[in-house]
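Everything numeric here is computed off the predicted structure, so don't read it as measured data.
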Amino acid sequence: MLKLSLSLRTTMCLLFLFVSFNSGGMLKMASAQRTWCIANPLTNISALLGNLDFACSHVDCQLIQQGGSCFYPNTPIHHASFAMNLYFQVMGRHSSHCDFRGSGLISLTDPSYESCSFHSEGDLAEAPPSATWCVAKPGSGEYILQQNINYACNYVDCSPTHDGGSCFNPTTLINHASFAMNLYYQTSAKNTASCDFRNSGLVVVNDPSKS
């Protein structure tokens, strides 16, 4: 009976190794999903500054002060996103802590860039929604944003972001780029790679148009 038990255990172990190696080539542990909070590209400057003031009254925003590793780009949407994410992480990553009166988006992609690191402690405290959208990373420069617009608009209809269009305002590159990038992402079957845009795109779980 002992020999049979050992034999069965050995067989199960070998079967586990076979499945593991054939599915991934080597044994790998699944990496846990992490989440971040960023400002919606549609948010106006007044709301961004309000979010910045509110978040920085609860968390340490020293890194976005002049001389800090996240000071650049010196834009309201980048600074607000950094502060909003810190607040979201400190408060335990609940969806409500990334709401900011409808101006926050929960990202499944790391918004960090160059020397600026956006901290994340892990996944959402509750189950995330299943729908996803694509927006531009808050730290993206104007050149990259324009390149993303040019590329995406070769494949999708970007007329709503033209003067008089329903998505023309706010007239910022990050808003227009996010619209084009998301339309490209949606028409590409929401493949994660189709929201990469040379590491300047973020997959989010909130609808940016409902801010």
Side-chain angles (χ1 to χ4, degrees), residues 19-43 73 77-78 81 84-85 88-89 93 95 98 102-114 116-162 165-168 172-211:
V19 171
S20 298
F21 274 91
N22 277 274
S23 60
M26 58 188 295
L27 289 173
K28 295 180 180 178
M29 291 184 67
S31 57
Q33 174 67 58
R34 293 189 296 160
T35 50
W36 295 262
C37 178
I38 62 164
N40 189 333
L42 287 169
T43 309
I77 191 166
H78 168 60
S81 293
M84 291 161 67
N85 180 63
F88 173 66
Q89 302 296 334
R93 299 179 312 284
S95 298
C98 186
S103 64
L105 300 176
I106 295 170
S107 175
L108 302 180
T109 315
D110 188 351
S112 302
Y113 73 96
E114 297 179 2
C116 180
S117 177
F118 276 60
H119 181 64
S120 176
E121 291 285 349
D123 203 353
L124 269 175
E126 60 271 11
S130 57
T132 54
W133 292 262
C134 178
V135 298
K137 186 179 288 190
S140 300
E142 291 188 355
Y143 175 78
I144 291 295
L145 293 173
Q146 187 61 61
Q147 289 295 305
N148 292 350
I149 291 172
N150 295 344
Y151 176 81
C153 292
N154 278 329
Y155 299 93
V156 297
D157 178 14
C158 294
S159 60
T161 60
H162 298 167
S166 59
C167 297
F168 178 65
T172 59
L173 275 178
I174 195 166
N175 172 45
H176 291 181
S178 294
F179 177 90
M181 292 161 67
N182 179 64
L183 198 52
Y184 178 83
Y185 171 68
Q186 300 296 332
T187 57
S188 301
K190 298 186 180 181
N191 186 311
T192 303
S194 65
C195 184
D196 183 71
F197 290 93
R198 289 177 290 179
N199 198 34
S200 64
L202 302 176
V203 175
V204 300
V205 298
N206 314 76
D207 185 349
S209 65
K210 294 183 178 179
S211 61

Show every donor-acceptor pair shorter than 3.5 Å between a side-chain atom in residues 195-204 and any protein atom, with sequence neighbours excluded, or say none if there are none.
from: Asp196; atom 1: OD2; to: Arg198; atom 2: N; distance (Å): 3.2
from: Asp196; atom 1: OD2; to: Asn199; atom 2: N; distance (Å): 3.1
from: Ser200; atom 1: OG; to: Asn148; atom 2: ND2; distance (Å): 2.9
from: Ser200; atom 1: OG; to: Phe197; atom 2: O; distance (Å): 2.5

Could you grab the distance from atom [atom1] of [X] to atom [atom2] of [Y], nearest 0.5 Å is fine?
{"X": "Arg34", "Y": "Thr109", "atom1": "CZ", "atom2": "OG1", "result": "11.0 Å"}
{"X": "Met181", "Y": "Ser188", "atom1": "CE", "atom2": "OG", "result": "12.0 Å"}
{"X": "Ser209", "Y": "Trp133", "atom1": "OG", "atom2": "CH2", "result": "7.5 Å"}
{"X": "Ser178", "Y": "Tyr185", "atom1": "OG", "atom2": "OH", "result": "13.5 Å"}
{"X": "Gln186", "Y": "Cys134", "atom1": "CD", "atom2": "SG", "result": "8.5 Å"}

TODO: Could you go through the side-chain contact (heavy atoms from CB on, under 4.5 Å) check for Gln146 and Leu173 one step at a time?
DONE: CA-CA 7 Å; Gln146 187 61 61; Leu173 275 178; 3.3 Å; yes
Open item on the list: Among residues at least two apart in sequence or on other chains, which ones pass ring pair (Phe, Tyr, Trp, His ring centres under 6.0 Å) with Tyr155?
Closed with: Tyr151, Tyr184
Run the side-chain contact (heavy atoms from CB on, under 4.5 Å) test against [X] and tell me which residues pass, sequence neighbours left out.
{"X": "Glu126", "answer": "His94, Ser95, Leu124"}
{"X": "Thr172", "answer": "Pro170, Ile174, Asn175"}
{"X": "Ser81", "answer": "Ile38, Ala39, Ile77, Phe118, Pro138"}
{"X": "Ser117", "answer": "Ser112"}

[X] to [Y] - nearest heavy-atom pair and separation:
{"X": "Ser140", "Y": "Leu145", "result": "CB-CD2, 3.7 Å"}
{"X": "Leu105", "Y": "Pro208", "result": "CD2-CA, 4.1 Å"}
{"X": "Cys158", "Y": "Phe179", "result": "CA-CE2, 4.3 Å"}

Short side-chain to backbone donor-acceptor contact, [X] and [Y], under 3.5 Å:
{"X": "Arg93", "Y": "Gly122", "result": "yes"}
{"X": "Gln89", "Y": "Glu121", "result": "yes"}
{"X": "Asn85", "Y": "Cys37", "result": "yes"}
{"X": "Asn206", "Y": "Ile106", "result": "yes"}

Open item on the list: Taking CD in Glu142 as the centre, count heavy atoms belonging to other residues, nucleotides or ligands within less than 6.0 Å. Is the count above 12?
Closed with: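 No, the 6.0 Å shell around CD holds no more than 12 heavy atoms from other groups.
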- [ ] Check whether any side-chain heavy atom of His78 sits under 4.5 Å from a side-chain heavy atom of Cys116, and report yes or no.
- [x] yes
Open item on the list: With heavy-atom distances below 4.5 Å as the criterion, would you say the side chains of Ser107 and Val135 are in contact?
Closed with: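 No, every pair of side-chain atoms sits at 4.5 Å or beyond.
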Open item on the list: Quick one, Phe168 with His162, criterion side-chain contact (heavy atoms from CB on, under 4.5 Å). Give me CA distance, side-chain angles, the key distance, then yes/no.
Closed with: CA-CA 6 Å; Phe168 178 65; His162 298 167; 5.6 Å; no
